[in-house]
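Residue numbering restarts at 1 for every chain, and letters A, B, ... go by the order of the sequence lines.
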There are 2 protein chains.
Amino acid sequence: MFTYLQVGTFASSKPNFTMNTAQNTKDRIIELGRDYMQRIGYHSFNYKQIALELNIKNASIHHYFPSKEDLGLAVIEKDRQDFIYLTQKVKKAKAMDKLEALIASYEYYYKEGKKLCVISTFSTSYNEITERMQLAASQYAELVTAWLAATLKEGLESGEFSFKEPVEELANVWMAMMPGALLVGRTGGKAAFDKTISSLRQTVKSS
Amino acid sequence: MFTYLQVGTFASSKPNFTMNTAQNTKDRIIELGRDYMQRIGYHSFNYKQIALELNIKNASIHHYFPSKEDLGLAVIEKDRQDFIYLTQKVKKAKAMDKLEALIASYEYYYKEGKKLCVISTFSTSYNEITERMQLAASQYAELVTAWLAATLKEGLESGEFSFKEPVEELANVWMAMMPGALLVGRTGGKAAFDKTISSLRQTVKSS
DNA sequence: CAATATCTACCTACATACAGGTAGGTATCA
DNA sequence: TGATACCTACCTGTATGTAGGTAGATATTG
């Protein structure tokens with residue numbers, strides 16, 4: 001005769017551009033799931049780690065997410081929502097500040113245990129996830145690419161940026177280099193990560 | 001009363017810049033292991049797949065590689081040797097042709113089932129592999145970075161290239177963008193991959 | 001040269017661990 | 001009372017890895 005407590009305070013020190021909606025168990029599972037997936041990948045992540053951390057049983061996770069795929073999809077969707085939230089927040093900022101907001105989240109990923117971003121997490125597992133997850137990941141990637149292209153265009157037209165490539169091409173470069181920087185940072189350490197991010201910033205400035 | 005045959009002809013159509021030394025079972029295990037790892041990652045890859053393909057039993061793989069780590073290390077070492085072989089082969093070529101030789105292998109990876117390169121394969125699994133493997137992957141990455149830097153410097157001094165960044169920085173960009181292109185290509189398809197590679201080529205030409 | 005020992009390359013069978021997932025029960029609360 | 005949020009207990013599949021054996025090749029020795 002005892003009550004099932006909502007345990008764990010989940011005191012995270014996330015940058016304020018990510019929504020913090022983890023009050024209930026379901027949201028906490030998503031947050032923790034995302035965290036583990038970014039660290040060790042979708043397949044290596046398992047329910048036990050989350051169950052232990054939330055002081056609940058393995059089976060209870062299945063109550064919220066019948067299959068692992070459901071959790072994977074929820075993680076992608078949550079991250080997509082967070083991205084949209086971020087873009088809304090910087091909507092009226094200068095183009096470079098928008099890009100800096102995105103860079104900041106990548107720097108946060110690196111600091112917090114050399115995590116990958118969610119898109120690259122699922123990209124690395126792309127050949128072994130279900131079609132629905134592939135689609136979700138691809139659509140999310142497309143969304144970010146489109147936002148990058150729009151932001152680059154905006155900065156170019158306002159005279160803030162001075163690059164010569166087509167915006168779509170440079171958007172692709174950013175899409176490749178940001179996760180690439182995280183990968184390089186894993187083998188090459190912080191210096192390699194920083195150098196890559198620094199070069200990334202230059203891409204909008206070189207005339 | 002029968003003999004254990006060396007089965008499977010292993011007819012691979014690899015580009016000629018990779019060494020083809022897979023005559024015996026041990027080498028075939030390494031080749032197949034590398035292939036699977038690049039496709040689905042180190043952890044998702046398992047012995048059964050190789051055993052089936054080589055018509056041997058699971059336990060026989062342990063005869064050559066007592067632990068999975070041994071095989072992982074062998075794969076990294078094999079790929080490093082192949083890289084060295086490649087650099088030797090293009091030793092007297094122009095700087096751009098050297099870079100093109102590297103790009104060609106990445107295009108080959110993409111075509112052959114959206115594979116990742118070996119370095120990024122182990123980078124993605126970096127937080128869940130042994131220290132020895134982390135070290136091997138890091139050292140291999142350092143070797144490639146150094147070669148890139150040397151090649152970029154060479155092309156710059158000969159007037160073939162005309163970039164402004166420090167060579168080490170641009171080498172880092174290449175280290176990030178090549179695997180990044182493969183990741184982007186998984187979610188965004190061939191067009192995204194090609195665009196990224198095309199932008200990569202531009203990095204040495206833009207003045 | 002023949003008997004013998006040892007090595008290589010596999011085998012069968014099993015141990016162990018752990019993953020995702022299910023069935024059905026119990027406590028709490030609106 | 002019915003939905004919600006958990007639980008215990010269990011099933012199934014699969015992964016790495018081990019123990020011990022066997023056929024055939026090769027080296028050793030009387």
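Close to dA9(C), at under 4.0 Å from its OP1 or OP2, lies no side-chain N or O of Ser60(B). Note on Tyr47(B): every side-chain N or O is 4.0 Å or more away from OP1 and OP2 of dA15(D). Contact annotation: Thr25(B) does not reach the phosphate of dA9(C) (side-chain N/O to OP1 or OP2, under 4.0 Å). Of the side-chain N and O atoms in Lys57(A), none sit less than 4.0 angstrom from OP1 or OP2 of dC6(D). Taking only side-chain nitrogens and oxygens, Tyr64(B) never comes nearer than 4.0 Å to OP1 or OP2 of dT8(C).
There is no side-chain donor-acceptor pair under 3.5 Å between Thr187(B) and Tyr140(A).
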Acceptor/donor pairs from residues 91-98 of chain B side chains to any protein atom, 3.5 angstrom cut, sequence neighbours excluded:
{"from": "Lys98(B)", "atom 1": "NZ", "to": "Lys91(B)", "atom 2": "O", "distance (Å)": "3.3"}
{"from": "Lys98(B)", "atom 1": "NZ", "to": "Glu154(B)", "atom 2": "OE1", "distance (Å)": "2.9"}
{"from": "Lys98(B)", "atom 1": "NZ", "to": "Glu154(B)", "atom 2": "OE2", "distance (Å)": "3.2"}

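The distance between atom NE2 of His63(B) and atom P of dC7(C), rounded to the nearest whole Å, is 13 Å. We find that CG of Asn58(B) is positioned 8 Å from C1' of dA15(D), with the value rounded to whole Å. For the pair Gln49(A) CD and dA19(C) P, the interatomic distance rounds to 8 Å; values are reported in whole Å. In this structure, CD1 of Ile29(A) is placed 16 Å from P of dT4(D), rounded to the nearest angstrom. Atom CD1 in Ile61(B) sits roughly 19 Å away from atom P in dT8(C) (whole-Å rounding). Summarising the geometry, the separation between NZ on Lys48(B) and C1' on dT14(D) is reported as 7 Å, rounded to the nearest angstrom. With rounding to whole Å, Ile56(A) atom CD1 is found 10 Å from dA5(D) atom C1'. At whole-Å resolution of the value, CG in Asp70(B) and C1' in dG17(D) are 12 Å apart.
One axis for each end of the helix from dC1(C)-dG30(D) to dA30(C)-dT1(D), each built from five base pairs, and the angle between them comes to 10° at 10° resolution.
Looking at the side chain of His62(A), the nearest of the listed nucleotides dC6(D), dT16(D), dG21(C) is dG21(C).
A cation-pi arrangement is not found for Lys114(B) relative to Phe193(B), the charged atom failing to lie both closer than 6.0 Å to the ring centre and inside a 45° cone about the ring normal. A cation-pi contact, defined as under 6.0 Å to the ring centre and within 45° of the axis, is absent between Lys153(A) and Phe161(A).
Contacts with DNA chain D (heavy atom under 4.0 Å) in residues 36-45 of chain A: none are found.
Legend: residues meeting salt bridge (Lys or Arg N to Asp or Glu O under 4.0 Å) with Asp70(B), ordered by chain and number and at least two apart, are absent. Scored by the salt bridge (Lys or Arg N to Asp or Glu O under 4.0 Å) test, Glu107(B) finds Arg201(B) as partners (sequence neighbours excluded). Qualifying ring-ring contact (aromatic ring centres under 6.0 Å, His included) partners for Phe83(B), counting only residues two or more places apart in sequence or in other chains: Trp147(B).
The existence of a salt bridge linking Glu31(A) and Arg28(A) is excluded, since no basic side-chain nitrogen approaches an acidic carboxylate oxygen closer than 4.0 Å. A salt bridge between Arg80(B) and Glu77(B) is present, with a side-chain N of the basic residue lying under 4.0 Å from a carboxylate O of the acidic one.
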